*Asks:* 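Below you'll find the structure I mean.
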Amino acid sequence: MGAALISACIALVAGVVVGSSNTRAKRARLDYRRTKALVPAARKLAWAESLRGLRVIATVTAVLVALGLAMNVIGQR
């Protein structure tokens, strides 16, 4: 009787541990799938922001070069 009770308690504890681990694994797998689905959208947004910043830098550079050339022409007169 005592050995059966101890075995039942050990089985119960093992079942709780395995069930908890399984629940955590399922939750982690679901989080992974959700995050993996968001990556293409995040990558697209990152490229869009990078290109927007590059356009701003190119515009500012073009304006500064044009001002420098204009000042050079004004200085030569």
Side-chain angles (χ1 to χ4, degrees):
M1 175 86 174
L5 185 61
I6 292 173
S7 296
C9 288
I10 291 173
L12 180 66
V13 169
V16 168
V17 169
V18 169
S20 176
S21 298
N22 187 32
T23 302
R24 274 185 268 156
K26 285 181 180 180
R27 193 177 317 129
R29 196 169 23 251
L30 181 62
D31 288 345
Y32 172 76
R33 287 181 184 158
R34 286 179 183 164
T35 304
K36 187 177 176 183
L38 292 176
V39 167
R43 185 178 294 140
K44 185 176 180 180
L45 180 64
W47 274 108
E49 292 296 324
S50 298
L51 291 177
R52 183 183 305 169
L54 187 60
R55 268 186 252 137
V56 168
I57 291 171
T59 303
V60 169
T61 303
V63 168
L64 290 176
V65 167
L67 283 173
L69 290 174
M71 295 302 281
N72 191 19
V73 169
I74 292 172
Q76 288 178 0
R77 290 184 182 191

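Position 1 is the first residue of the sequence; numbering continues from there. Everything quoted here is computed from the prediction, not taken from an experiment.
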*Asks:* Just how far is it from atom CG of L67 to atom CG of N72, taken to the nearest 0.5 Å?
*Replies:* 12.5 Å
*Asks:* Is it true that a side-chain atom of S20 and a backbone atom of V16 form a donor plus acceptor pair closer than 3.5 Å?
*Replies:* no
*Asks:* For the side chain to side chain contact (heavy atoms under 4.5 Å, CB included) test, which of E49, K44, R43 pairs with W47?
*Replies:* R43
*Asks:* Would you compute the distance between atom CG of L64 and atom CG of L69 and round it to the nearest 0.5 angstrom?
*Replies:* 11.0 Å
*Asks:* How far does CG of L45 sit from CG of L38, to the nearest 0.5 angstrom?
*Replies:* 11.5 Å
*Asks:* Step by step, would you call R27 with T23 a side-chain hydrogen bond (donor to acceptor under 3.5 Å, both in side chains)?
*Replies:* CA-CA 6 Å; R27 193 177 317 129; T23 302; 5.8 Å; no
*Asks:* Does any non-hydrogen side-chain atom of K26 lie less than 4.5 Å from one of R29?
*Replies:* yes
